[in-house]
Amino acid sequence: MAGEATLILDGQEYRFPIREGTEGERAIDIQDLRARTGHITLDPGYGNTGSCESAITFIDGEQGILRYRGIPIEQFEQAPNFVEVAWLLIFGHLPSAEEYRIFSERLTAYANLDESMKHHFEGFPRSAPPMAILSAMINALSCFHPDFFELEDRDHFQAAAAGLISKIRTIAAYAYRHSVGRPYIYPHPGQRYVPNFLHMMFSQPYAEYVCDPIVKDALNLILILHADHEQNCSTSTVRMVGSSQANLFASCAAGVCALWGPLHGGANVAVLEMLDRIHRGHISPEDYVRLAKDKDSKVRLMGFGHRVYKNFDPRARMLANVAEKLLPTLGVRDPLLDIARRLEEIALEDPYFVDRKLYPNVDFYSGIILRAIGIPTNMFTVMFAIGRLPGWIAHWWEQAQTQGNRIARPRQIYVGPGVTDHVPREARV
Ligand code: ACO
């Protein structure tokens with residue numbers, strides 16, 4: 001125990017223990033608050049509520065720190081490997097050569113979807129939002145893998161995790177192929193995780209997509225930078241659903257739905273749409289920034305600001321470097337990148353943004369990079385989901401392993417009418 005907090009209610013004093021995390025974060029432990037005092041806490045949006053103890057990811061938003069299992073995010077920049085990071089998040093340490101080999105083999109073994117799942121894609125309209133397809137198809141996976149409902153031990157869980165991480169990539173690529181009316185391309189057993197995804201997205205039956213190493217590294221890094229962000233909306237959703245002992249696939253399908261919203265995973269799409277609007281409308285970056293500062297305009301500089309990071313978003317810095325290198329190498333001259341750079345320059349010197357600690361976030365550059373790779377805008381949030389999946393799995397498993405885990409069930413303050421009599425329909429006015 002790291003001290004006590006005293007609460008005085010109606011003249012009576014109650015003491016609650018203070019819990020301290022390994023990085024000095026402190027919390028008042030109120031688990032028995034209601035039982036002892038008859039009161040609950042009210043915290044809409046949960047901004048002051050710790051829902052669990054977790055050993056997966058540490059964030060210090062004031063100092064721009066993000067660490068996976070203690071490793072600073074910047075250290076994944078050299079030779080980025082998404083599969084290794086997925087393992088790290090889920091199992092708590094970097095994989096040994098043998099662990100990596102077994103996990104990679106499982107990823108390959110599970111890459112295909114049951115053949116009859118292809119018919120499910122056919123049932124969706126071409127214009128269906130890919131996030132809806134993704135969530136529906138992850139849920140549908142449960143029907144094909146009842147063997148993963150009850151996970152008996154760590155090895156069984158590892159097989160389920162590998163299956164899901166591998167299949168989300170195939171589902172995402174098939175959703176895209178369906179939307180553009182192209183034939184599905186089966187996963188290639190000789191390809192690594194990221195090149196295999198790009199192969200399924202962009203190969204043609206008559207022409208194989210060749211993955212440039214710089215593209216492979218850029219996409220690996222994007223997926224890594226999205227892989228976990230502690231108790232965000234979608235991860236909390238996965239934990240909430242998982243707390244009812246719903247299976248891994250059902251819980252992660254719910255996570256996809258939570259990520260879909262524009263305030264969460266949809267923000268990188270909003271950045272691209274903003275840049276496109278500026279470009280097509282021949283609006284100068286200076287005028288757009290002026291608009292974003294005007295409260296009456298209801299315009300925000302998308303890709304700027306973050307609920308947690310109040311100095312800089314370390315992920316944005318890394319992606320800015322990637323964009324600088326990737327685009328010239330691919331020979332992409334993207335006017336939207338020029339606009340993004342100019343917006344950043346202006347905003348970083350403008351007292352409005354400096355005083356409010358508004359800096360570029362991860363979404364500011366990820367959209368530009370995905371676009372340069374050839375990923376269509378409506379697939380951006382799907383890419384985020386592929387990246388975030390290891391984090392969801394890690395949290396689902398951590399919770400499942402926690403002794404005394406209880407179903408998540410917040411309370412409320414009821415503000416509706418008092419006891420009211422039912423009125424028969426014929427007597428209603
Ligand atoms: N452009 C212009 N003004 C902004 C912006 C912005 N992008 N972001 C915040 N502000 C202003 C607000 O108007 C407010 O000004 P005020 O104090 O004069 O009223 C002040 O900065 C604080 O804003 P809040 O909304 O209270 O900040 P909060 O921390 O709650 O919101 C958020 C963070 C939602 C990310 C916000 O900065 C925003 O809307 N940004 C644009 C959308 C975006 O990029 N979202 C992606 C987030 S990253 C992710 O989800 C992976």
Side-chain angles (χ1 to χ4, degrees), residues 43-49 57 59-62 64 66 68 73 131 221-237 255-278 283 285-320 336 339-340 342-370 377 380-389 391-392:
D43 185 20
Y46 309 128
N48 305 285
T49 299
T57 289
I59 299 175
D60 181 334
E62 301 303 323
L66 170 60
Y68 292 161
I73 194 75
M131 286 297 273
L221 191 63
I222 286 188
L223 296 179
I224 289 170
L225 296 181
H226 287 90
D228 194 41
H229 218 230
E230 47 119 303
Q231 308 307 320
N232 56 85
C233 176
S234 56
T235 303
S236 299
T237 299
V256 172
C257 293
L259 188 69
W260 190 0
L263 293 187
H264 193 7
N268 54 10
V269 176
V271 172
L272 245 275
E273 286 170 353
M274 171 189 78
L275 296 175
D276 202 46
R277 232 178 6 258
I278 295 172
I283 306 167
E286 287 76 5
D287 280 349
Y288 198 84
V289 169
R290 254 191 297 280
L291 210 59
K293 293 191 299 183
D294 175 4
K295 300 282 186 232
D296 293 333
S297 74
K298 304 268 186 269
V299 166
R300 282 197 166 190
L301 195 51
M302 299 312 287
F304 263 70
H306 197 279
R307 174 56 60 83
V308 177
Y309 295 116
K310 294 300 176 194
N311 270 317
F312 66 93
D313 180 341
R315 304 166 301 172
R317 279 193 175 172
M318 292 164 76
L319 286 188
L336 301 197
I339 294 170
R342 187 69 195 122
L343 287 174
E344 187 184 7
E345 267 169 24
I346 301 168
L348 290 181
E349 292 195 344
D350 190 310
Y352 174 96
F353 292 90
V354 176
D355 294 349
R356 289 171 177 75
K357 300 188 170 186
L358 301 169
Y359 297 87
N361 60 47
V362 66
D363 294 315
F364 195 66
Y365 281 104
S366 65
I368 299 267
I369 295 170
L370 291 173
T377 311
F380 285 4
T381 319
V382 171
M383 301 308 297
F384 193 157
I386 298 174
R388 184 55 54 90
L389 182 64
W392 292 337

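For the numbers below, each heavy atom of this structure counts, side chains included, while hydrogens, waters and symmetry mates do not. The first residue of the sequence shown is numbered 1, and numbering continues consecutively from there. In each ligand, atom 1 is the first atom listed, and ligand 1 is the first ligand listed.
- Considering backbone and side-chain atoms together, Leu358 places no N or O closer than 3.5 Å to any N or O of ligand 1.
- Distances between N or O atoms of Leu301 and those of ligand 1 include at least one value under 3.5 Å.
- Using a 4.0 Å threshold on non-hydrogen atoms, atom 22 (C) of ligand 1 does not count as touching the protein.
- Using a 4.0 Å cut-off between a side-chain N of Lys or Arg and a carboxylate O of Asp or Glu, Arg388 and Asp228 do not qualify as a salt bridge.
- Note: no N/O pair closer than 3.5 Å links Arg315 and ligand 1 by distance alone.
- Phe364 and Phe304 have perpendicular rings, their planes meeting at more than 60° on a 0 to 90° scale where under 30° would count as parallel.
- With contacts defined as side-chain heavy-atom distances shorter than 4.5 Å, the pair Thr235/His229 does not qualify.
- Protein heavy atom closest to atom 36 (C) of ligand 1, with residue, atom name and distance, is Arg300 NH1, 3.3 Å.
- In this structure, the protein non-hydrogen atom closest to atom 17 (O) of ligand 1 is Arg356 NE, 3.8 Å.
- Lys310 counts as a contact of ligand 1, since one of its heavy atoms falls under 4.0 Å from the ligand.
- Here's the thing with Phe304: one of its N/O atoms is less than 3.5 angstrom from an N/O atom of ligand 1.
- Contacts between Arg307 and ligand 1 below 4.0 angstrom, taking non-hydrogen atoms only, involve backbone and side chain alike.
- Looking only at atom types and distance, the side chain of Trp260 has no donor-acceptor partner in the side chain of Thr381 under 3.5 Å away.
- The shortest separation from a heavy atom of Lys295 to ligand 1 is under 4.0 Å, placing the residue in contact.
- No side-chain donor-acceptor contact under 3.5 Å links Tyr359 and Glu344.
- For ligand 1, the atoms sitting less than 4.0 Å from at least one non-hydrogen atom of Ala267 are 45 (N), 46 (C), numbered in the order shown with element in parentheses.
- Look at Tyr352 and you'll find a heavy atom under 4.0 Å from some atom of ligand 1.
- In the model, Asp43 has a side-chain atom that pairs as donor or acceptor with a side-chain atom of Asn48 under 3.5 Å.
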